[in-house]
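Not measured: the values here are computed from a predicted model. Throughout, a chain's letter reflects where its sequence line sits, starting with A, and its residues are numbered from 1.
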Number of protein chains: 2
Amino acid sequence: MTTLKELAALLNISVSTVSKALNDSHEISENTRVRVKELATKLNYKPNRIAQQLKTNKTKTIGVILPTVTNPFFAEVLHGIEMAAANNDYDIIVCLSNETLHKEKRSLELLSNGSVDGFIMAVAREGQVKMQTEHIQTVIDRKIPVLMFDRVVNEINCDKVIVDDFQSVYEATEYLIKKEKRKNILLVSNIEELSVGKLRIEGYSKALKEHNLNPNILKLDNAIDLDIETKTYNYLKKHKHIDAVISIDHVTGIVAINMAKKIGKKIPEELSVLGFGYEHTQLLSSPKISIIHQKAHKIGEMSIELLIDNMKNNEHKLQTIVVPSEVKLSESTK
Amino acid sequence: MTTLKELAALLNISVSTVSKALNDSHEISENTRVRVKELATKLNYKPNRIAQQLKTNKTKTIGVILPTVTNPFFAEVLHGIEMAAANNDYDIIVCLSNETLHKEKRSLELLSNGSVDGFIMAVAREGQVKMQTEHIQTVIDRKIPVLMFDRVVNEINCDKVIVDDFQSVYEATEYLIKKEKRKNILLVSNIEELSVGKLRIEGYSKALKEHNLNPNILKLDNAIDLDIETKTYNYLKKHKHIDAVISIDHVTGIVAINMAKKIGKKIPEELSVLGFGYEHTQLLSSPKISIIHQKAHKIGEMSIELLIDNMKNNEHKLQTIVVPSEVKLSESTK
DNA sequence: TTGTAAGCGTTATCAT
DNA sequence: ATGATAACGCTTACAA
């Protein structure tokens with residue numbers, strides 16, 4: 001790799017002159033500026049980023065710690081983060097906690113050694129269940145900015161970008177009650193132990209209470225694949241009076257549709273199904289599921305913007321931004 | 001952040017002594033070694049990675065360039081990459097090309113300045129269509145190791161990790177012909193311009209030819225959402241004799257099932273459906289689709305292993321590894 | 001307008 | 001056993 005030193009030697013001028021010339025310093029004469037730049041392009045000179053980082057004590061890199069990336073919500077957030085970061089000339093280092101505390105901890109520790117200028121993270125399931133968060137506070141105490149999105153720790157004081165979990169489910173439930181006149185609404189949950197899951201369930205409960213309806217909640221307890229189907233099938237078979245389903249994740253809603261059809265329920269006439277969804281969710285269900293579409297891409301973008309403001313702006317004030325979701329009704333229920 | 005210098009000052013010894021003590025040099029006395037380490041842990045000293053990188057000219061970081069991460073295949077590969085990288089004490093910088101050439105180019109250029117020790121990439125759709133690949137060769141010429149996975153450029157000589165696209169579809173098609181006695185097999189494609197798409201279609205064509213059957217190919221031409229449904233619906237409606245569908249991506253197979261049911265076809269009796277799939281694909285379809293399951297996670301792991309060997313091992317030989325897929329038949333067709 | 005030199009935090013060589 | 005010094009590649013005050 002070509003270095004400033006090499007350029008300087010070839011041109012018989014000093015390193016600092018070369019540096020200044022390349023950075024368009026006014027101190028440098030037109031003539032040498034051109035000579036330097038020509039040789040630089042000819043030799044394909046690129047400043048060594050590591051050296052620049054050491055000098056400036058800025059990495060222009062953001063650490064992104066996600067619980068997983070196979071969940072389409074996080075994939076889409078990551079997409080938003082990457083795009084926005086690139087637009088601001090930031091790189092991102094991605095770490096996956098796999099929902100475990102030890103991996104999340106390890107990643108934070110490893111990257112806190114000057115590898116990144118700040119962090120964007122959604123906390124791991126394990127940390128949220130066990131309520132262990134000191135490792136995050138430690139990073140903040142070291143004056144490294146941290147931003148949390150989606151899954152958030154209330155006790156920690158930092159920038160946050162969250163979804164309107166409570167409000168969106170509250171409104172969706174109300175819609176089912178008031179507009180669609182549903183009276184026996186089942187909530188299906190596979191994420192009840194997450195902060196977002198709790199909020200969604202609260203939104204549902206509040207709407208039901210306000211209309212004097214009884215809650216029906218099917219907690220799948222972090223089940224996988226066939227278990228999800230069996231439990232849903234059995235529940236719907238046993239409780240024939242259910243006339244609407246709200247799924248609070250992106251999978252169980254489609255499963256509910258499939259199971260209901262198997263039982264012979266007419267959708268949406270006899271059963272209205274609403275779930276959380278992403279890019280292809282509606283395409284994959286038939287009849288179409290109605291979805292609460294979290295603006296995951298937007299969440300990613302906002303996270304970058306806010307974190308960068310925190311890193312650059314001395315008067316930055318910590319804040320929590322709520323990104324509203326968008327309800328997409330299926331054609332059939334519109 | 002605590003530095004060696006600070007430790008040295010506090011202990012009234014030289015920087016180099018501190019450095020050696022922390023690195024367990026035999027030159028240092030038991031006594032000072034302990035003193036240094038105690039103070040280091042007390043002040044939570046962590047060596048500055050940037051400085052180490054500058055010194056050693058190794059970043060222990062790998063650049064990962066993906067076309068997208070909302071496609072579950074790439075998400076799962078990324079997961080495998082991240083896990084394997086972490087196990088080998090490597091960080092990954094993730095860039096998304098969004099299937100565009102200019103973003104892919106930009107990312108390669110930006111990271112080629114000493115930011116990473118090597119690259120893992122799947123080329124963007126645009127580059128594959130336009131057959132533009134010089135930017136990749138440029139990186140290789142600079143002696144930065146590059147590994148390609150899945151979508152691969154034959155003309156470029158580098159490590160490759162690929163899927164058995166041709167073979168898996170060939171065998172799946174043969175299975176439909178020989179075991180299930182299907183005679184009118186439709187191939188649905190939304191990725192015919194990608195290297196992998198071409199190979200899959202070839203596998204299909206070869207199997208048909210060997211059994212003297214006529215190919216039926218529905219090219220969706222990179223269509224989105226409702227278009228996919230409409231085109232599939234119309235085709236199946238018009239060509240009632242179709243008795244099997246092979247989808248060569250992870251979406252159109254499920255859509256085919258839904259559309260066929262709409263038309264009134266019995267699945268799998270009248271129509272057998274087979275597609276490419278990932279974690280939740282089968283869960284989302286009803287009746288269950290049979291899937292060719294690409295070992296995406298494995299592809300990610302292998303890519304890291306191979307690239308690291310390339311970076312560390314002087315006698316490394318460039319190679320192409322084929323990761324076999326696994327066919328998961330739906331319960332109903334087993 | 002150009003050059004010298006210090007410094008970012010490490011590691012490594014060579015004295016002491 | 002410990003320390004002084006140079007070096008990685010760059011930026012930047014300060015001198016010339």
### Task
May I ask you to verify if any side-chain N or O of B/Thr17 is less than 4.0 angstrom from the OP1 or OP2 atom of D/dG3?
yes
### Query
Going by an N to O cut-off under 4.0 Å, is there a salt bridge joining A/Lys42 and A/Glu38?
no
### Task
Using a 4.0 Å heavy-atom cut-off across all strands, classify B/Thr32 as base, sugar-phosphate, or nothing.
sugar-phosphate
### Query
Within the modelled atom types, does a donor on one side and an acceptor on the other bring the side chain of A/Thr3 and the base of D/dG9 under 3.5 Å apart?
no
### Task
State, yes or no, whether a side-chain contact exists between B/Val77 and B/Asp150 at a heavy-atom distance under 4.5 Å.
no
### Query
OP1, OP2 of C/dT10 versus side-chain N and O of B/Gln53: anything below 4.0 Å?
no
### Under-3.5 Å donor-acceptor pair between B/Ser14 side chain and D/dA4 base
no
### Task
Using a heavy-atom cut-off of under 4.0 Å over every strand shown, decide if B/Glu27 touches base, sugar-phosphate, or nothing.
base
### Query
With a 3.5 Å cut-off and just heavy-atom distances, do the side chain of B/Lys55 and the base of D/dA7 make a donor-acceptor pair?
yes
### Query
CG of B/Leu4 versus P of D/dG3: gap in Å, rounded?
13 Å
### Task
Please figure out whether B/Asn57 or B/Val18 has its closest DNA chain D nucleotide nearer the 5' end.
B/Val18
#### Entry: Between C/dT1 (P) and A/Asp24 (CG): distance, integer Å
14 Å
### Query
When you match B/Ser29 and A/Tyr45 each to their closest nucleotide on DNA chain D, which lands nearer the 5' end?
B/Ser29
### Query
Rounded to the nearest 0.5 Å, how far apart are CD1 of B/Ile144 and CG of B/Leu111?
9.0 Å
### Task
Let me know the distance between CG of A/Leu54 and C1' of D/dC8, rounded to the nearest Å.
9 Å
### Ionic contact status for A/Arg33 with A/Glu30, cut-off 4.0 Å
yes
### Query
In whole Å, what is the span from the NZ atom of B/Lys46 to the C1' atom of C/dG9?
16 Å
### Message
For A/Arg151, is there an ion pair with A/Glu99 - N to carboxylate O distance below 4.0 angstrom?
### Response
yes
### Query
What's the CG-C1' distance between B/Leu11 and D/dT2, to the nearest Å?
13 Å
### Interatomic distance where CD1 belongs to A/Ile13 and P belongs to C/dT2 [whole Å]
8 Å
### Task
Would you kindly give the CG-to-P distance between B/Asn48 and C/dG7, to the nearest whole Å?
18 Å
### Separation of atom NZ in A/Lys20 from atom C1' in D/dG9, rounded to whole Å
16 Å
